[in-house]
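Each remark here refers to the structure printed beneath this line.
Chain A is the first sequence line, chain B the second, and so forth, proteins listed ahead of strands; every chain is numbered from 1. What you are looking at is a predicted structure, and each value in this text was computed from that prediction instead of being measured.
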Number of protein chains: 2
Amino acid sequence: MLDEAVKLESLPEAGGEPERRVRDRGATERAILAAAKGLLAEEGFQNFGINAVARRAGCDKQLIYRYYGGLDGLVEAIGADLGTWVKDRIPEDTGGMFLLTYGDLMERLSLLLLDALRNDPLMRRILAWEISENTEQVRRLSEARSKALALWLERMRGSLAPPKGVDAAAVNAVIIAAIQHLVLAAASGGQCAGLSLKTSKDWEKTATALKRIVRGVYG
Amino acid sequence: MLDEAVKLESLPEAGGEPERRVRDRGATERAILAAAKGLLAEEGFQNFGINAVARRAGCDKQLIYRYYGGLDGLVEAIGADLGTWVKDRIPEDTGGMFLLTYGDLMERLSLLLLDALRNDPLMRRILAWEISENTEQVRRLSEARSKALALWLERMRGSLAPPKGVDAAAVNAVIIAAIQHLVLAAASGGQCAGLSLKTSKDWEKTATALKRIVRGVYG
DNA sequence: CCCGCTACTCACCGATTGGTGACAGCGGGA
DNA sequence: TCCCGCTGTCACCAATCGGTGAGTAGCGGG
């Protein structure tokens, strides 16, 4: 048997920090998931890896393998968490407006989506990830995000039907594409196609242009 | 004084490939630049590094440091090369159409840009890079791309003035954002906001929606 | 013919990556 | 009380990364 006392003394700062992590698998799992989401949101997918997540969670990476089956499972858990995105962003009322026409609806939806993405770094990082990589793990994350977005749109749309004669699905996809790219460009470079996207005044101009476009198609 | 014959024989596949690279600095520089552009276009910015470029160029990475001053200089050289992007994509005529209104112009420009980006993997990768990272090297590359795009738009616009009463700069930025995001989403996931972007039929629908949007704002 | 300049290659460095096996320590059940 | 299982830690692995210093190979001018 080896001398434990010596071994304990040889530990760096042994006893310096009184709060030793209690043995709680659930808490550790939550800490890992939170670390992963925070890391992805703050640093982006570039330096998103087992080592970085474990470092941020303050535990050994082995636990990530054990509890989530590696990075893939962890990413999948993040995707599952994305389901909560929807219910957090469904306003109870229509903001005091009466949405009589499909144009009213889409204008409001566009601006809401723009703001929601502007204030959601995690969603932005996932969006950028989707565009930059095409691996299986990203594809599944993308699917979860896409599903959340679709559900959100459906809930918001209510029973209002799109006008006939226009391919609303395609038009809306183009509009959503514009919103997503504007937000991504703003978050990284602060501009898009020469249009500055920094100050709130910039965003007012952008919102106005977006409204004008939506009104142009849907009247 | 050392035996060359033995040394030659010890080389792997010595004499197997008769074409030994001639000593030509210019050619090597061009090979490195071509390797960098090809690698970026095909593999994306994720695995874009000194080692990978040198491997593809078939030379030692040391030469990249020597001739381009490292990856930064190489990226800058790619950016400088982007200036040629403009002149390659300026059609001589207007495709037999008379562009009487600003709406005519923007509709045509939108579709041209859509196609140009769809057929330019390097530009797409750079675009995705801009959105995902915000380092100095990417910022400079972004600037070069932005400048090229602005020049292209200016050349194409000619002397046609935008209608009064609309913030054409903002509206056009939104439209360009939509185009860029659609192309990026198509290249990675094959869809955007539930809209499939794979077959040519998909793209026809998208183009129609885009035209409808442009016509909506600019009449 | 030889020498020197230059293009080029190689070997090595420390750091970091994803991944695995072994071990320590606590706690509950037999 | 002993022991097994679960939680957590640590040490180590091969591979790859960016980066550097030293040395080789070949062409051209004297």
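- Listed here is the closest heavy atom pair of A:I175 and A:S110: CG2-OG, 3.7 Å.
- For A:R66 and D:dG8, a side-chain-to-base donor-acceptor distance below 3.5 Å is present, hydrogens and geometry of angles not being considered.
- Between the P atom of C:dG19 and the CD1 atom of A:I64 lies a distance of 11 Å, rounded to the nearest Å.
- Whole-Å rounding puts the B:L71 CG to D:dG18 P distance at 7 Å.
- The aromatic rings of B:F48 and B:W129 sit perpendicular, their planes meeting at an angle over 60°, well past the 30° parallel limit.
- As rounded to whole Å, 16 Å separates atom P of D:dG26 from atom CG of B:D24.
- Exactly one of A:N47, A:V75, A:V53, A:I126 qualifies for a side-chain contact (heavy atoms from CB on, under 4.5 Å) with A:L40. That residue is A:I126.
- Picking from C:dC10, C:dC8, D:dC17 the nucleotide with the shortest atom distance to the side chain of B:N51 gives D:dC17.
- With hydrogens and angles left out, the side chain of B:R25 and the base of C:dT6 share no donor-acceptor pair within 3.5 Å.
- The CG atom of B:N47 sits 8 Å away from the P atom of D:dC17 (whole-angstrom rounding).
- In this structure, of D:dG21, D:dG26, D:dT9, it is D:dT9 that holds the atom nearest to the side chain of A:Q62.
- In this structure, A:R23 places its CZ atom 15 Å from P of D:dG5, rounding to the nearest Å.
- With sequence neighbours left out, the side-chain contact (heavy atoms from CB on, under 4.5 Å) criterion links B:Y68 to B:E29, B:I32, B:L33, B:L74, B:A77.
- Between B:Y65 and D:dG18 there is no side-chain polar atom (N or O) within less than 4.0 angstrom of OP1 or OP2.
- In B:R155, the CZ atom is not crowded: 12 or fewer heavy atoms of neighbouring residues, nucleotides or ligands sit closer than 6.0 Å.
- The distance from atom NZ of A:K61 to atom P of D:dA11 is 13 Å, rounded to the nearest whole Å.
- Distance A:R55 CZ to C:dT16 C1': 8 Å, rounded to the nearest Å.
- Between B:T28 and C:dA7, a side-chain N or O to OP1/OP2 separation shorter than 4.0 Å is absent.
- Taking the centre and axis of the six-membered ring of A:W152, the NZ or CZ atom of A:R89 falls outside the cone set by 45° and 6.0 Å.
- Residues A:R139 and A:E136 are paired through a salt bridge, judged by an N-O separation under 4.0 Å between the basic side chain and the carboxylate.
- Comparing the helix axis at one end of the helix from C:dC1-D:dG30 to C:dA30-D:dT1 with that at the other, each defined from 5 consecutive pairs, gives an inter-axis angle of 30° (nearest 10°).
- Nearest-nucleotide positions on DNA chain C place B:L63 closer to the 5' end than the other of A:F48 and B:L63.
- Spacing between atom CG of A:D60 and atom C1' of D:dC6 amounts to 15 Å, rounded to whole angstrom units.
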